[in-house]
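Quick caveat, the model's predicted, so the values are computed rather than measured.
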Amino acid sequence: DTGDNFEVVVGAWGYQAQLVENAVFGVGNTDLEFVLEQGYNDEFLIDLGWEIAADAQSGNWEIGEPLGTEYQNLPYAPDFDVEGDLGDHALVTGNQSPNAGGDDVDDGTTIATSPIFDLTTYEKPYLSFYRWFANGGGQGQAPDDVLTIRLSNGSETVVLDEISVANGDLNEWIFQNYNISEHIEPTAEMRISFETSDQEDSGHLVEAAIDWFNVADSVPAAPTYPLAGVLLDDNGEAVDGAIIEVIGDMLDDGGMSVQ
């Protein structure tokens, strides 16, 4: 038995996920080993431990392939995740109906909170993600619902952003990027949460989504660029089998400053 081919998603919180195609499992090959690069990055292809707290009657946060809806010729729930990320899933509100109002947020609040992330080794941590928010309709009341983004360091919590009809781009994927130190002290106990709601009897349509969550350091360590090449001796003759490892910084024009 040569085994069967599978598509395997490998991930864990604090590591960069991998999508492995044509992985072979069979007799004599029941275990595969994968090495993941460290880093906080979540494209929501698998559930890495987000906590959902909700009392809304419908439309609570979940992870899945977005099921799009429309209202008055506008997209309300996204029909796709962010282009270019891993897989086709996102963190979305109410993903069980193709009809606007069929599974949007209604009669309560829904909150998605990340696992803890440690920023004590980052010099200038930046947090980014793509967000979607749509708000409309209503029973005689103007749309006034909000997507609230909070960041906690374990001892205090700040509001990073509030997205609403009044102050945000709606009904499309929008990239958000924050210098964390400008808002709160980075610690080993960081968590981010996304909260939205629609209160009873308002009749508003409320949809939200998050994708491609990432934390990056704007001051990375100097990279190492291994180069296979030829080492010359003092007479200009090639020394067979030499591998040169060059350490330096990339320049704006694509060149490298060698140390």
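- Closest approach of Pro143 to Gly136, counting heavy atoms only: CG-CA, 3.6 Å.
- With sequence neighbours excluded, the residues forming a side chain to side chain donor-acceptor pair (under 3.5 Å) with Tyr178 are Asp161, Gln176, listed by chain and number.
- Annotation: side chain to side chain donor-acceptor pair (under 3.5 Å) contacts of Thr109 (sequence neighbours excluded): none.
- A search for salt bridge (Lys or Arg N to Asp or Glu O under 4.0 Å) contacts involving Glu62 returns nothing, not counting sequence neighbours.
- Sorted by first then second residue, the ring-ring contact (aromatic ring centres under 6.0 Å, His included) pairs that include residues 85-116, not counting sequence neighbours, number zero.
- Counting heavy atoms from C-beta outward, Val159 and Thr148 have side chains that approach closer than 4.5 Å.
- In this structure, the ring pair (Phe, Tyr, Trp, His ring centres under 6.0 Å) partners of Tyr76, at least two apart in sequence or on a different chain, are Tyr71.
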Throw together a table of side-chain donor-acceptor distances under 3.5 angstrom for residues 39-52, partners on residues two or more places apart or in other chains.
| from | atom 1 | to | atom 2 | distance (Å) |
| --- | --- | --- | --- | --- |
| Tyr40 | OH | Asp118 | N | 2.9 |
| Asn41 | OD1 | Trp212 | NE1 | 3.4 |
| Asn41 | OD1 | Asn214 | ND2 | 2.9 |
| Asn41 | ND2 | Glu43 | OE1 | 3.0 |
| Asp42 | OD1 | Phe44 | N | 2.8 |
| Asp42 | OD2 | Trp50 | NE1 | 2.8 |
| Glu43 | OE2 | Leu86 | N | 2.8 |
| Asp47 | OD1 | Gly49 | N | 2.9 |
| Glu51 | OE1 | Arg191 | NH2 | 3.4 |
| Glu51 | OE2 | Arg191 | NH2 | 3.2 |

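- When the shell of 6.0 Å around CD of Glu156 is examined, it contains more than 12 heavy atoms from other residues, nucleotides or ligands.
- Contact of the Val215 side chain with the Met190 side chain is not registered, since no non-hydrogen atoms from C-beta on lie closer than 4.5 Å.
- Here the closest heavy-atom approach between residue Val92 and residue Pro66 is recorded as CG1-CG, 4.2 Å.
- Residues satisfying the ring pair (Phe, Tyr, Trp, His ring centres under 6.0 Å) test with Trp61, not counting sequence neighbours, are none.
- Remark: Asn135 pairs with Asp145 by the side chain to side chain donor-acceptor pair (under 3.5 Å) rule, at least two apart or across chains.
- The closest side-chain heavy-atom distance from Thr187 to Glu189 is below 4.5 Å.
- Side-chain contact between Val165 and Asp144 is absent, with no heavy-atom pair separated by less than 4.5 Å.
- Residues forming a side chain to side chain donor-acceptor pair (under 3.5 Å) with Asn153 (at least two apart in sequence, or on another chain): Ser155.
- Hydrophobic cluster membership for Tyr126: none, as no Ile, Leu, Val, Met, Phe, Trp or Tyr side chain comes under 4.5 Å of it.
- A 6.0 Å sphere centred on CD of Glu172 holds more than 12 heavy atoms belonging to other residues, nucleotides or ligands.
- Put simply, the side chain of Glu162 does not reach to within 4.5 Å of the side chain of Ile149, judged on heavy atoms.
- For Ser58, the side-chain contact (heavy atoms from CB on, under 4.5 Å) criterion is met by Asp103, Asp106, not counting sequence neighbours.
- Annotation for Ser193 and Ile111: closest pair CB-CG2, 4.1 Å, computed over non-hydrogen atoms.
- In terms of heavy atoms, Ala208 sits closest to Thr196 at CB-CG2, 4.4 Å.
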Under 3.5 Å, which donor-acceptor pairs link side chains of residues 12-19 to any protein atom two or more places apart or in another chain?
| from | atom 1 | to | atom 2 | distance (Å) |
| --- | --- | --- | --- | --- |
| Trp13 | NE1 | Ile116 | O | 2.7 |
| Gln18 | NE2 | Val35 | O | 2.8 |

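- The two residues Asp85 and Val82 make their nearest non-hydrogen contact at OD1-O, 2.9 Å.
- Shown here for Phe117 and Leu127, the closest heavy-atom pair between the two residues is CZ-CD1, 3.9 Å.
- Hydrophobic clustering, with ILVMFWY side chains joined whenever heavy atoms are under 4.5 angstrom apart, groups Ile180 together with Ile192.
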